[in-house]
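Each remark here refers to the structure printed beneath this line.
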Protein chains: 2
Amino acid sequence: MTSAADVPVIVGAAPSRSIPDATVARLSIYLRAIEELEACDVISSQALAAASGVSSAKLRKDLSYLGSFGTRGVGYDIDALRERIGAVLGVDDHRGVVIVGVGNLGHAIAGYSGLAARGFQLTGLFDVDHVGEIVGGVTVRPLDELRAHPERYAGAIGIIATPAHAAADALDLLVEVGISAVLNFATAVLDPPPGIDVRKVDLASELQILSFRERHRAVPAAIDGGEVIS
Amino acid sequence: MTSAADVPVIVGAAPSRSIPDATVARLSIYLRAIEELEACDVISSQALAAASGVSSAKLRKDLSYLGSFGTRGVGYDIDALRERIGAVLGVDDHRGVVIVGVGNLGHAIAGYSGLAARGFQLTGLFDVDHVGEIVGGVTVRPLDELRAHPERYAGAIGIIATPAHAAADALDLLVEVGISAVLNFATAVLDPPPGIDVRKVDLASELQILSFRERHRAVPAAIDGGEVIS
DNA sequence: CAGTGTGAAAACTTTCACAGCA
DNA sequence: TGCTGTGAAAGTTTTCACACTG
């Protein structure tokens with residue numbers, strides 16, 4: 001998860017300095033919350049924070065990294081806010097998305113309407129099976145097709161939704177094509193080459209975190225000792 | 001540093017409290033890495049760290065929260081390690097898992113073999129449609145069925161895989177049944193009542209984080225040196 | 001030696017609280 | 001008056017470096 005600490009700003013439209021990772025992760029949530037609340041012109045940090053499920057102090061701090069454009073005593077202008085967050089996140093880039101592995105999960109992702117809604121465009125579906133099938137408006141093609149047309153997919157974000165044993169090859173393929181940002185749903189630890197950013201989403205881990213926290217939460221005094229970690 | 005952790009770590013099978021969240025999130029990864037490397041009896045922090053995609057220092061620190069059972073100059077006993085991590089994560093509890101919403105995503109999760117492999121047991125599938133269909137060995141039932149049999153599902157972990165507009169109701173239903181740990185895949189901010197732990201997995205957010213980081217990556221190779229070679 | 005276990009430092013996040021402005 | 005913007009404090013996580021031990 002290496003992230004440059006203070007990267008000299010390059011993007012012209014974005015005066016932002018280094019925005020903390022944790023903040024970036026929440027901007028997307030704010031953006032969605034804004035879209036759902038679009039009944040007013042301005043909104044206070046309190047209201048937006050409530051709609052986003054965070055504290056108002058955190059929200060203000062987050063927004064302060066994008067520059068200050070709220071109005072003291074009033075709140076944030078909804079339009080300005082949406083535009084600013086969208087610009088920082090690059091929503092208007094219409095980033096391409098390429099999915100390798102079109103099993104159950106790949107299907108679910110390909111058919112997810114939120115992709116387009118958040119400024120992403122499904123540009124490729126690849127699998128060894130299911131070739132020819134159309135999902136989310138895109139036709140499933142064999143893996144070789146990806147390798148054969150790097151120019152079409154370079155710059156996209158790659159999603160690995162293959163079985164674990166195929167994940168490493170999928171990553172190699174994506175990298176070969178020039179993709180350098182990858183989301184890995186496969187149950188496998190990948191070893192990305194330098195310069196390649198891989199994020200992992202792991203259902204089992206999420207469940208285990210929940211399970212652990214539940215067992216260690218709530219210290220009811222009235223229970224016998226049986227529940228203590230076995 | 002440690003707050004309440006000045007408790008002299010008592011020997012024995014102490015349940016070792018206050019394991020950092022970040023550590024818990026990684027234990028599951030270590031466990032899987034161990035299972036894949038099971039060709040030897042002992043393993044060094046270096047080797048396991050490499051297989052898990054973390055630094056060896058981090059791994060040692062993580063394991064130190066579980067008590068110390070490595071052998072200096074040698075490494076960790078694989079069996080002891082697996083057992084200890086499994087115990088802390090409660091893998092042997094065979095926690096039930098209930099999924100609300102059996103669309104594409106629900107299907108994918110229900111069919112995911114990693115559930116059982118990590119000690120979870122799919123115990124219920126609920127949807128307004130697809131009733132009667134069998135996925136992952138479990139029959140899809142109407143939502144009312146869940147409400148009607150709280151005793152069957154209390155204590156399970158709930159997974160919300162419904163469309164956004166149905167997510168809040170799904171949460172209410174799960175809570176009503178006595179479930180207090182929920183994983184939310186729906187694109188909706190939920191407002192859980194006190195005592196209910198909700199984690200969110202959001203595809204669009206993950207993609208936007210990747211997208212942002214790629215655009216703001218300016219000095220790629222500078223800081224990246226992962227594994228120390230020396 | 002080789003490799004664990006761990007204090008202490010550094011880095012990162014969140015929370016607090018309040019100055020300052022519309 | 002009400003709410004933003006932000007330093008500073010508090011809390012959490014990661015990294016470092018080295019004493020210690022089989």
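Here the structure is a predicted model, which means the values were calculated and not measured. Labels below follow one simple rule: chain letters A, B, ... track the order of the sequence lines, proteins then strands, and each chain is numbered from 1.
Rounded to an integer number of Å, the gap from CG of B:D62 to C1' of D:dT12 is 13 Å. Per the geometry, CG belonging to A:D21 stands 15 Å off P belonging to D:dT13, to the nearest Å. Summarising the geometry, the separation between NZ on B:K58 and P on D:dT15 is reported as 5 Å, rounded to the nearest angstrom. In this structure, CZ of A:F69 is placed 15 Å from C1' of D:dC3, rounded to the nearest angstrom. Computed from coordinates, the A:I19 CD1 to D:dT6 C1' distance equals 16 Å when rounded to whole Å. Rounded to an integer number of Å, the gap from A:Y65 OH to D:dT4 C1' is 15 Å. The distance between atom CG of B:L59 and atom P of C:dG5, rounded to the nearest whole Å, is 10 Å. Atom pair A:R60:CZ and D:dG7:P shows a separation of 14 Å (rounding to whole Å applied).
Between D:dG5 and A:Y76, a contact under 4.0 Å exists linking OP1 or OP2 to a side-chain N or O. Checking the phosphate oxygens (OP1, OP2) of C:dT4, no side-chain nitrogen or oxygen of B:S68 falls inside 4.0 Å. Not one side-chain nitrogen or oxygen of A:T71 sits closer than 4.0 Å to the OP1 or OP2 atom of D:dT4. Proximity of A:R26 to the phosphate of C:dT14: a side-chain N or O atom is located under 4.0 Å from OP1 or OP2.
In terms of polar N and O atoms assigned as donor or acceptor, the side chain of B:R72 never comes within less than 3.5 Å of the base of D:dT21 in a complementary pairing.
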**Prompt:** After noting the C-alpha distance and the side-chain angles of B:I85 and B:I34, does the key distance pass the side-chain contact (heavy atoms from CB on, under 4.5 Å) rule?
**Reply:** CA-CA 10 Å; B:I85 296 178; B:I34 288 170; 4.1 Å; yes
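Here the shortest heavy-atom pairing between A:R215 and B:G90 reads NH2-N, 3.3 Å. Across all non-hydrogen atoms, the minimal contact from A:S205 to B:I29 is OG-CG1, 4.3 Å.
Side-chain atoms of A:S45 never come within 3.5 Å of backbone atoms of A:R60 as a donor-acceptor pair (strictly under, hydrogens ignored). In this structure, B:T23 contributes its side chain and B:I19 its backbone to no donor-acceptor pair below 3.5 Å. Formation of a donor-acceptor pair under 3.5 Å by the A:S64 side chain with backbone atoms of A:K61 is found in this model.
Checking A:V74 against A:A57, the closest nucleotide of DNA chain D that is more toward the 5' end is the one next to A:V74.
Among the atoms of the strands shown, none is found under 4.0 Å from any heavy atom of B:T23. Residue-level contact check: B:G73 touches the bases, meaning some heavy atom is under 4.0 Å from a base atom.
Less than 4.0 Å separates DNA chain C from no heavy atom of any residue of residues 40-53 of chain A.
In summary, the side chains of B:T187 and A:Y112 do present a donor paired with an acceptor at a separation below 3.5 Å, with no hydrogens or angles considered.
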